[in-house]
Trainee: 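There's a structure below that I have some questions on.
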Amino acid sequence: MKPILIKDILVSSPDGREITVYGWVRTKRDSKNLVFIQVNDGSCFSSIQLTFDRDENINNPELKNLESQFKKITTGASVKATGKLIPSPSSGQAVEVTLEKIEVLGEAPAETYPLQKKGHTVEFLREIAHLRPRTNIIASAARIRSQMAYAIHTFFYERGFHYFNAPIITASDCEGAGEMFQVTTLDLERIAADGVKAGAKGMSVEKAANLVDYSKDFFGKKASLTVSGQLEAETYATALSRVYTFGPTFRAENSNTPRHLAEFWMIEPEMAFYELEDNMDLAEEFVKYLLNWALTKCTEDMQFFEQRVQKGLIETLTHVANSDFVRITYTDAIKQLEKLNDKFEFKVFWGCDLQTEHERYLTEQIYKKPVMVYDYPKEIKAFYMKLNEDGKTVRAVDVLVPGIGELIGGSERESNYEKLENRIKEMNMDPQDYWWYLELRKYGTVPHSGFGLGFERLLRYITGLGNLRDVIPFFRAPKQAEF
Ligand code: 4AD
Ligand code: MG
């Protein structure tokens, strides 16, 4: 028989029908005559209650077996239980199951099961990443993550976008920040050993470095894991008009913070014929759509985050979903922040890169809602952004939100061949490495724009959780790849 999910059982009519419940025991209470067992299968936040009344089961031929199973049941054990679905006399639940049969599929010995007791810290749970989805907090985050993925695909599907898969392995550095993980099949240990031998023969250090010959590497050139699918997305946007990526991206920045992961998921829409304003409109619409989805379709999990993680979360997100985002140029933002320089560790000046403390001050203290800062100095932004008339700023936009800082980074792209080539050279990059990207400007160039939203940052914002490491199943960070 096909198992029924607890989420479906909980909304079935309690007409005494016989049903079988599968799941993991959350709690067991065994008093003199009554046994209560809460079983959860993760299909929704709630557990189902199984009850057993010894007085009523004196003549049950299964009684002996049931008692021996009850002894084996502790928090974490997996069970298959059969009984009748009836209205629940307890408050807080509409239905419960009166047990007729129960089988322990797998025990979870209380002496060793790490989740025997409740109330572990999120830090401890990260050390048992293989078991932590059995806790309320991580299970709720995982369900919201799955729901949001569905919401994202729906949002774009409704607006004529095509889902585009960017390659994971690439030879170009999209952000030009040099934060890439190298991908190689070269035998590094052998090369190092050869280097030592060559040194012994009197080879210079410079020559020894040439022992690494990338033409002999798997791809015939130096390759890395992608930091962004944008450049490739632009190729398809200039053919299919509207595309978006949704996939893993990798950054080897050595930042051990609650806001950074070495492997994170990014959503990158790319739209032909969109200028910066259209891009900003889409970004705002997108964030509001996702907040509304979480608030209306994930109510049980959101209630949990409201009660256990961040009081006022639902009200804050509802407010954001219903108000206009602030739009302000970088130059105006700097004017505001300069006045407050004594508050900041890093002093603000025109031309500086905004630090998290500045971003958060703007959105948390000054405006108290999401802020879109646009037209940044070209020196602090990537090479592909469209140069403004002033020759100093580019058509970049960052969306900053309270509690998180930067949620989205985007821009209108430079669509002029010569200007783009100049920017590449100005940044000491080799136009030859970007020949195909430049050709998009040579053949049928169009104004186009896009942005990247960090999926885990969005999830952190929605759940109120303090660290990106808790909204991704297995996090990757410096010195952290155990699971
Ligand atoms: O601002 P970023 O670097 O922009 C890009 O990668 C562009 N190519 C996007 C585009 O225009 N298509 O990154 C975009 C977003 C950031 O705003 C942030 O939310 C997230 O990606 N992000 C990270 N999330 C987790 N860990 C990290 N190390 C992140 N780095 C960026
Ligand atoms: Mg950015």
Side-chain angles (χ1 to χ4, degrees), residues 145 148 152 156 161 164 166 170 172-181 225-237 242-271 274 276 279-280 282-283 286-287 290 330 353-356 358-359 363 370-374 376-377 380-386 394-401 403-414 437 448-462 465 467-472 475-478 480:
R145 185 178 173 106
M148 284 300 109
I152 286 162
F156 288 120
F161 281 72
F164 161 80
T170 171
S172 43
D173 182 358
C174 171
E175 294 305 298
E179 291 167 339
M180 306 184 81
F181 287 102
L225 296 178
T226 188
V227 295
S228 157
Q230 177 198 322
L231 304 189
E232 293 86 356
E234 284 183 53
T235 66
Y236 272 65
R242 291 179 203 174
V243 299
Y244 69 102
T245 72
F246 186 0
T249 47
F250 308 86
R251 298 205 183 171
E253 45 188 342
N254 197 6
S255 26
N256 235 324
T257 80
R259 325 169 46 245
H260 292 93
L261 293 169
E263 176 178 308
F264 65 99
W265 285 60
M266 187 153 54
I267 299 101
E268 294 184 275
E270 192 66 37
M271 300 75 69
Y274 267 50
L276 186 69
N279 201 21
M280 292 201 273
L282 187 76
F286 186 41
V287 173
L290 297 178
Y330 168 90
D353 205 353
L354 291 181
Q355 306 291 325
T356 305
H358 311 134
E359 296 180 338
T363 173
V371 179
M372 300 205 228
V373 180
Y374 63 98
Y376 281 80
I380 58 171
K381 288 291 180 190
F383 70 95
Y384 50 72
M385 299 185 178
K386 184 181 164 76
V394 287
R395 304 246 75 193
V397 60
D398 277 0
V399 181
L400 316 175
V401 298
I404 306 288
E406 182 188 332
L407 174 66
I408 288 178
S411 64
E412 182 170 343
R413 320 306 187 187
E414 184 55 76
Y437 186 67
H448 63 289
S449 302
F451 61 82
L453 175 138
F455 192 37
E456 288 75 20
R457 292 212 183 153
L458 171 83
L459 294 172
R460 185 180 163 197
Y461 187 43
I462 289 176
L465 283 165
N467 197 313
L468 296 193
R469 296 174 185 195
D470 302 322
V471 296
I472 188 165
F475 66 95
R476 297 288 174 259
Q480 308 259 14

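Whatever order the structure lists ligands and atoms in, that order sets their numbers, starting from 1.
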Trainee: Measure from atom 18 (C) of ligand 1 to every heavy atom in E179, R457, E234 and give the option owning the shortest one.
Mentor: R457
Trainee: Looking at every heavy atom in both G409 and D398, which two are closest together, and how far apart are they?
Mentor: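 So the two residues come closest at CA-OD1, 3.5 Å.
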Trainee: Report, in ascending order of atom number, the atoms of ligand 1 lying under 4.0 Å from any heavy atom of L468.
Mentor: 25 (C)
Trainee: Can you name the closest pair of heavy atoms from A283 and V399 and give their distance?
Mentor: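 That would be CB-CG2, 4.4 Å.
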Trainee: Mind checking whether L407 has an N or O less than 3.5 Å away from an N or O of ligand 1?
Mentor: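 Yes, there is a polar N/O contact under 3.5 Å.
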Trainee: Which residue and non-hydrogen atom of the protein lie closest to atom 28 (N) of ligand 1, and at what distance in Å?
Mentor: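 Result for atom 28 (N) of ligand 1: E253 OE2, 2.8 Å.
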Trainee: Do any protein N, O or S atoms sit under 2.8 Å from the Mg ion (ligand 2), and which ones are they?
Mentor: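 Within the sphere that stays under 2.8 Å of the Mg ion (ligand 2), the protein atoms of type N, O or S are E406 OE2.
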Trainee: Check R460 against ligand 1 and report side chain, backbone, both or neither, counting heavy atoms closer than 4.0 Å.
Mentor: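 For R460, there is no contact with ligand 1 at all, from either part.
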Trainee: Give the atom numbers and elements of ligand 1 that come within less than 4.0 Å of a heavy atom of M266.
Mentor: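 Answer, ordered by atom number: 6 (O), 13 (O), 14 (C), 15 (C), 21 (O).
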Trainee: Does V397 reach the side chain of F451, with side-chain heavy atoms less than 4.5 Å apart?
Mentor: no
Trainee: Which is closest to atom 6 (O) of ligand 1 by heavy-atom distance: Q230, R251, E268?
Mentor: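 When every heavy atom of Q230, R251, E268 is considered, R251 comes closest to atom 6 (O) of ligand 1.
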Trainee: Could you list which atoms of ligand 1 come closer than 4.0 Å to a heavy atom of Y384?
Mentor: 7 (C), 8 (N)
Trainee: Look at ligand 1 and say whether Y461 reaches it with a heavy atom at a distance under 4.0 Å.
Mentor: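 Not so, Y461 does not reach ligand 1.
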Trainee: To the nearest 0.1 Å, how far is atom 16 (C) of ligand 1 from its closest protein heavy atom, and which atom is that?
Mentor: E406 OE2, 3.2 Å
Trainee: Would you mind running through ligand 1 and noting each atom that sits below 4.0 Å from a heavy atom of S228?
Mentor: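 Those atoms are 6 (O), 8 (N).
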Trainee: Quick one: does ligand 1 sit under 4.0 Å from the side chain of F264, the backbone, both or neither, non-hydrogen atoms only?
Mentor: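 Only the side chain of F264 comes within reach of ligand 1.
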Trainee: With heavy-atom distances below 4.0 Å as the criterion, list the atoms of ligand 1 near G409.
Mentor: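 Every atom of ligand 1 under 4.0 Å from some heavy atom of G409: 1 (O), 9 (C), 10 (C), 11 (O), 17 (O).
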Trainee: Hey, does R259 sit under 4.0 Å from ligand 1 if you only count heavy atoms?
Mentor: yes
Trainee: Is the backbone of L400 close enough, under 3.5 Å, to the side chain of E359 for a donor and an acceptor to pair up by distance?
Mentor: no
Trainee: Give the contacting part of F475 toward ligand 1: side chain, backbone, both or neither, where contact means a heavy-atom distance below 4.0 Å.
Mentor: neither
Trainee: Counting N and O atoms only, with roles assigned by atom type, does the side chain of T226 sit under 3.5 Å from a partner on the main chain of T249, one being a donor and the other an acceptor?
Mentor: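 Flag not set: sc T226 to bb T249 has no pair under 3.5 Å.
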Trainee: Does any N or O in the side chain of S255 come within less than 3.5 Å of the main-chain N or O of T257, such that one atom is a donor and the other an acceptor?
Mentor: no
Trainee: Identify, by atom number and element, the atoms of ligand 1 in contact range of R413, meaning under 4.0 Å from any of its heavy atoms.
Mentor: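 Matching atoms, with element in brackets: 10 (C), 11 (O), 12 (N).
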Trainee: If I compare all heavy atoms of R259 with all of E406, which pair ends up nearest, and what's the gap?
Mentor: NH2-N, 3.8 Å
Trainee: With a 4.0 Å cut-off on heavy atoms, does M385 reach ligand 1?
Mentor: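 Contact absent.
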Trainee: Any atoms of ligand 1 less than 4.0 Å from a non-hydrogen atom of L261? List them with their elements.
Mentor: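 It comes down to these atoms of ligand 1: 25 (C), 26 (N), 27 (C), 28 (N).
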Trainee: Kindly identify the option in E175, E270, E263, E412 whose heavy atom sits closest to atom 5 (C) of ligand 1.
Mentor: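 Selected option, by shortest heavy-atom distance: E175.
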Trainee: Only heavy atoms of G410, strictly under 4.0 Å: list the atoms of ligand 1 that pass.
Mentor: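 It comes down to these atoms of ligand 1: 11 (O).
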Trainee: Which residues satisfy the side-chain contact (heavy atoms from CB on, under 4.5 Å) test with A237, sequence neighbours excluded?
Mentor: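 So A237 forms a side-chain contact (heavy atoms from CB on, under 4.5 Å) with V243, E270.
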Trainee: Taking heavy atoms and a distance under 4.0 Å, where does D398 meet ligand 1: side chain, backbone, both or neither?
Mentor: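 Within the 4.0 Å criterion, D398 makes no contact with ligand 1.
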Trainee: Show, in sequence, the C-alpha distance, side-chain angles and deciding distance for Y384 and E234, and conclude whether the side-chain hydrogen bond (donor to acceptor under 3.5 Å, both in side chains) test is met.
Mentor: CA-CA 11 Å; Y384 50 72; E234 284 183 53; over 6 Å; no
Trainee: Can you pull out the closest protein heavy atom to atom 15 (C) of ligand 1? Residue, atom name and distance to 0.1 Å, please.
Mentor: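 Going atom by atom, the protein heavy atom closest to atom 15 (C) of ligand 1 ends up being G452 O, 3.6 Å.
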Trainee: Tell me every residue that passes ring-ring contact (aromatic ring centres under 6.0 Å, His included) with F156, counting only those two or more places apart in sequence or in another chain.
Mentor: F161, Y244, F286
Trainee: Going by heavy atoms in the side chains, are Y374 and R395 under 4.5 Å from each other?
Mentor: yes
Trainee: Shortest non-hydrogen contact from V401 to L407?
Mentor: CG1-CD2, 3.9 Å
Trainee: Between S449 (side chain) and Y274 (backbone), is there a donor-acceptor pair under 3.5 Å?
Mentor: yes
Trainee: If you compare all heavy atoms of R413 against all heavy atoms of S411, which two are closest, and at what distance to 0.1 Å?
Mentor: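 In terms of heavy atoms, the two residues are closest at NH1-OG, 2.6 Å.
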Trainee: Judging by distance only, is a nitrogen or oxygen of H260 under 3.5 angstrom from one on ligand 1?
Mentor: no
Trainee: Side chain, backbone, both or neither: which part of E456 has a heavy atom under 4.0 Å from ligand 1?
Mentor: neither
Trainee: By ring-ring contact (aromatic ring centres under 6.0 Å, His included), which residues pair with Y330, not counting sequence neighbours?
Mentor: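 By the ring-ring contact (aromatic ring centres under 6.0 Å, His included) rule, Y330 matches W350, Y376.
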Trainee: Within a strict 4.5 Å, meaning less than it, do heavy atoms of the E456 and W265 side chains meet?
Mentor: yes
Trainee: Can you find a heavy atom in the side chain of N467 that is under 4.5 Å from one in the side chain of R460?
Mentor: no
Trainee: Check each heavy atom of V399 against ligand 1 and say whether those closer than 4.0 Å belong to the side chain, the backbone, both or neither.
Mentor: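 Answer for V399: neither.
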Trainee: State, with a plain yes or no, whether a side-chain heavy atom of F455 is found less than 4.5 Å away from one of R145.
Mentor: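 A side-chain contact exists here, since the closest heavy-atom pair is under 4.5 Å.
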